[in-house]
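Structure record follows, encoded as structure tokens.
Chain letters run A, B, ... following the sequence lines, proteins first, then strands; residues in each count from 1.
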Amino acid sequence: MSTISLKIEFGGGLELLFSNQRSHRVTIPALVPASGSSGDSSSGEEAAKKPADLSYLISWLKDHLLKERAELFVENGTVRPGILVLVNDADWELEGEGDYQLKDGDEIVFISTLHGG
Amino acid sequence: MPARTCALCNDARAILKRPKTGQQICKECFFYVFETEVHNTITEARLFNRGDRVAIGASGGKDSTVLAHVMKTLNERYDYGLELFLLSIDEGITGYRDDSLETVKRNQQQYDMPLRILSYEELYGWTMDAIVSQVGKKNNCTFCGVFRRQALDRGAAILNVDHIVTGHNADDIAETVLMNIMRGDIARLGRCTSICTQGEDTIKRSKPFKYAYEKEIVMYAYFKKLDYFSTECIYSPDAYRGHARGFLKDLEAARPSAIIDIIHSGEAFEIKEDVKATQKIQQTCKRCGYMSSNELCKACTLLEGLERGLASAAVTDRARKKFDAEGPTPGNMRQIPRFTLPAHIHPSHSAS
């Protein structure tokens, strides 16, 4: 398959940055540029590819789904500290965080803790 | 990556890595250790007595919702013998507080506890919206915090409770320690890590979540599917605490135990004798009877500032001189009603 289909959930107020919608279904490419930026096509060679991982998904969401205030979602190439990430209902720290390779049908949840209690 | 098994039960799939210990544990074990740690915090500090009436400061947010759930669970599981109430304060922030109060009303149904809501409007005659329009967005958290503290005590007195519990978590307390260091607030630095505070003329107030990480509270709520309200207060972005919070989050990312470690450092602080001697002694406000470091308590001072249109002058002690220079207090100004402790709490009641 050349694309991966994912279910994304936002909670803890993050949904406000994503059209005030908690649930989203997204489709991303299965293979993405390894360096994170497009390769030099003038040399005629293909840029190296890698399987799409969570880091890629985060920047993809920022570029395609985020409506406002990117600094509340991402910082230094990853999610802002204070935002929890769950992969198929498990802490992303158990799955290698940004390096986790996405599979078709995965469910990713982003929950912000940065608000009053 | 292969699925990991829980480090505690060696049976179920691990779903969380605990920031405190680095352990990888499953859902059921997580619920159990989280709840048991709070139970240990409560028993080691001997917070409650059998038969105590306890008001849970409830905002509808993540911490107080989880607190209400856990208090109810532990009260039943370990037979604390407590009578639990929900106490909510309406600061009058449109679009923020009115929505979260709906959550508290749902909590009341879900947890089957009596609920009392007290508003700034009825107590002080000023909503936070009105205060911000007069004071601006910089120092308004000072007003809100001071007014809320008193409001909670008054609400608790109306409910005739022995004890107030709030959902302050480990992250909050670590932030407060950092803030007090950054601002040189020695008096607060010496007090802010106490799990239970009681003045001569106030109701006992504790923080059962003192050692509970914010991350775990949110995960607990998520996995238990608890209903809470989660929006940043619209007036908070300019608050000073934001600096401490941002810093703390970065520290946590590098070394998760930093939060607990900062609290332990704070607990170990001891104020030097010669510094202690310069601290103000506690007295009672001559206007409303609440506890105070000065003749007039902070709430009365702030309220007078608002009423006289000199709000910014009331915020710091230094600025107070300008305030006093404006002349004496007008005679017919609105005041906070006299505060009295519930009859069964004596002023010299010592914490057990």
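The CD atom of A:E93 sits 13.0 Å away from the CZ atom of B:R18 when rounded to the nearest 0.5 Å. Note: B:K249 NZ to A:T113 OG1 = 4.5 Å, rounded to the nearest 0.5 Å. A distance of 7.0 Å separates CG of A:D89 from CZ of B:R13, quoted to the nearest 0.5 Å.
Top candidate by heavy-atom pairs under 4.5 Å with chain B, chosen from A:A90, A:G82, A:G13, is A:A90.
Annotation: residues 214-223 of chain B contacts chain A through B:E214, B:K215, B:V218, B:M219, B:Y222, B:F223 [non-hydrogen atoms, separation under 4.5 Å].
Residue A:L16 touches chain B through its side chain alone, counting heavy-atom pairs closer than 4.5 Å. Proximity to chain B is limited to the backbone of A:V87, based on heavy atoms less than 4.5 angstrom apart. Heavy atoms closer than 4.5 Å to chain B are found in the side chain of A:E75, but not in its backbone.
Scanning both residues, B:D250 and A:P81, for their nearest heavy atoms gives OD1-CG, 3.5 Å.
Crowding of A:D63 atom CG: a count of heavy atoms from other residues, nucleotides or ligands under 6.0 Å exceeding 12.
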